[in-house]
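Below is one structure, written out as structure tokens; comments come after it.
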Amino acid sequence: MKLPVVQFTKEQQAFRLEVRAFLQQHLKEGTFRTKCDSWLSGSDPAFSKLVAAQGWIGMTWPSAYGGSERSTIDRYILTEEFLAAGAPVAAHWFADRQTGPLLLRFGTKEQRRFFLPKIIQGDCFFGIGLSEPNSGSDLASVRTKAEKVDGGWLVNGAKTWTSNAHDAHYMVTLVRTAPYDEQHKHKGLSQLILDLHAPGVTITPIPYLTGERHFNDVFFDNVFVPDAMVVGTLGNGWAQGLAELAFERSGPERILSTFPLLNELIIELKKAKDTVGLATASKLLAEMWSLRNLSIGVAQVLEEGGEVGIPAALVKSIGTKFEQKIPEIARLLVRAYPNLQAEHAFDRYMAESILHAPGFTIRGGTSEVLYGIVAKGVVAQ
Ligand SMILES: Cc1cc2nc3c(=O)[nH]c(=O)nc-3n(C[C@H](O)[C@H](O)[C@H](O)COP(=O)(O)OP(=O)(O)OC[C@H]3O[C@@H](n4cnc5c(N)ncnc54)[C@H](O)[C@@H]3O)c2cc1C
């Protein structure tokens with residue numbers, strides 16, 4: 001596995017400072033409050049509009065759709081700063097990270113013209129409709145079906161654990177457009193863009209450990225999806241979905257979900273002049289640095305159009321264990337009173353990190369499944 005080493009240019013360093021200044025200003029003005037795991041649970045459509053006004057949604061996409069054709073590394077820098085500040089970016093996250101690139105690769109001209117400018121303006125959010133009550137890791141077993149009718153498809157079934165479906169306008173939904181065949185279950189799957197406000201869609205919350213509304217059950221009862229909303233080729237949903245996963249698994253959000261806590265831990269240790277504690281915390285920083293280099297290397301290969309399935313699985317599996325370790329180590333180094341409403345930032349970040357951490361190694365593919373991908377890659381060498 002060879003990954004490039006990326007050196008940031010002066011312009012990129014300047015861009016980082018520009019993003020940081022924007023976030024500091026909004027923190028100061030009280031537009032948002034820093035939160036751990038904000039990329040998944042910090043949905044704030046008004047904040048997404050502010051980000052859009054900066055030209056920072058879909059920033060790598062073609063100018064023909066309103067994008068600014070910036071590099072993947074620029075986007076990486078932007079994302080790192082959002083995560084470090086714990087900014088509420090969840091509303092536009094999936095459309096920016098996955099749906100846009102999916103449509104640019106497989107979407108029709110009409111789909112791109114209709115959706116991409118709206119996403120870029122912060123007016124259109126997407127959910128990801130993969131998991132079902134009986135299909136998670138074994139995704140090819142999905143049973144939600146779409147039957148051909150005049151002018152489109154009638155969808156029946158259910159998706160579950162759907163992040164932010166209640167805030168999203170549409171969902172890229174993996175459905176069966178041909179009968180289920182146990183021997184060839186990867187075949188006959190297709191991706192449909194489903195309007196979450198269409199008749200027949202019911203969205204019910206699954207309460208998070210924190211009590212917040214984050215993910216949902218989504219039920220489909222004869223939901224009509226026009227032919228024009230099929231993404232790519234009918235029956236090619238499995239291959240198209242796999243292409244999306246590289247974007248989903250390798251980003252800094254698989255390393256930095258609990259970064260606000262790590263930052264606050266170091267502040268607390270410095271205040272207490274706890275040199276032994278700081279030595280332990282610095283080991284976390286060294287680990288973070290290595291993971292970050294791995295993740296940036298993957299971003300660069302993605303930029304060059306290369307294959308990153310295995311390194312992306314590595315980033316996700318090791319990075320999410322790292323995110324989980326931060327509250328475990330923090331609680332041994334500093335006395336904490338974890339409470340979601342605490343004014344003291346350390347206590348609040350501890351509560352958020354502890355309650356969100358179990359999901360880190362499950363969402364986007366469980367660690368065990370990722371180890372399987374890495375092992376198969378090693379065997380194939
Ligand atoms: C916070 C959060 C947000 C999520 N958001 C979304 C979303 O927006 N959209 C969406 O579609 N889904 C979402 N998910 C669902 C997530 O993708 C699934 O939970 C995940 O893929 C695992 O599927 P499962 O829950 O059915 O568990 P299962 O697949 O039933 O796994 C149960 C256990 O068996 C193990 N296992 C399964 N297969 C294997 C194997 N082959 N080898 C070894 N071990 C195995 C797993 O590692 C796990 O420990 C979200 C989940 C979380 C926690």
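The shortest non-hydrogen separation linking S38 to G86 is OG-C, 3.3 Å.
Here D37 pairs with R363 in a salt bridge; the nearest charged N to carboxylate O distance falls below 4.0 Å. Under a 4.0 Å N-O distance rule, the pair E248/K316 does not qualify as a salt bridge. At a threshold of 4.0 Å, the pair K35-E212 counts as salt-bridged, since one of the basic side-chain nitrogens sits closer than that to a carboxylate oxygen. Between K148 and D227 a salt bridge is recorded (basic side-chain N to carboxylate O distance below 4.0 Å).
Applying the ring pair (Phe, Tyr, Trp, His ring centres under 6.0 Å) rule to pairs touching residues 97-146 yields F115-F126, F115-Y170, F125-H169, F126-Y170, sequence neighbours excluded. Note on residues 13-63: pairs passing ring pair (Phe, Tyr, Trp, His ring centres under 6.0 Å), not counting sequence neighbours, are F15-W56, F22-H26, F22-W56, F32-F47, W39-W93.
There is a side-chain donor-acceptor pair under 3.5 Å between E268 and H344. Remark: the E132 side chain and the T160 side chain contain no N/O donor-acceptor pair separated by less than 3.5 Å. Using a 3.5 Å distance cut-off with no hydrogens or angles, the side chains of E323 and T258 do not pair a donor with an acceptor.
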Test R292 against E287 for salt bridge (Lys or Arg N to Asp or Glu O under 4.0 Å), laying out the working first.
CA-CA 9 Å; R292 178 180 188 247; E287 206 175 323; over 6 Å; no
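Each of Y371 and I310 belongs to its own hydrophobic cluster when Ile, Leu, Val, Met, Phe, Trp and Tyr are linked at side-chain heavy-atom distances under 4.5 angstrom.
Q111 contributes a side-chain N or O that, together with a main-chain N or O of T108, makes up a donor-acceptor pair within less than 3.5 Å. A donor-acceptor contact shorter than 3.5 Å links the side chain of K49 to the backbone of Q121.
Residues H92 and R97 are not in side-chain contact: their nearest non-hydrogen atoms beyond the backbone lie 4.5 Å or more apart.
Within a 6.0 Å radius of NZ in K270, other residues, nucleotides and ligands contribute 12 heavy atoms or fewer.
Take P226 and apply the side-chain contact (heavy atoms from CB on, under 4.5 Å) test, not counting sequence neighbours, and it matches F224, M229.
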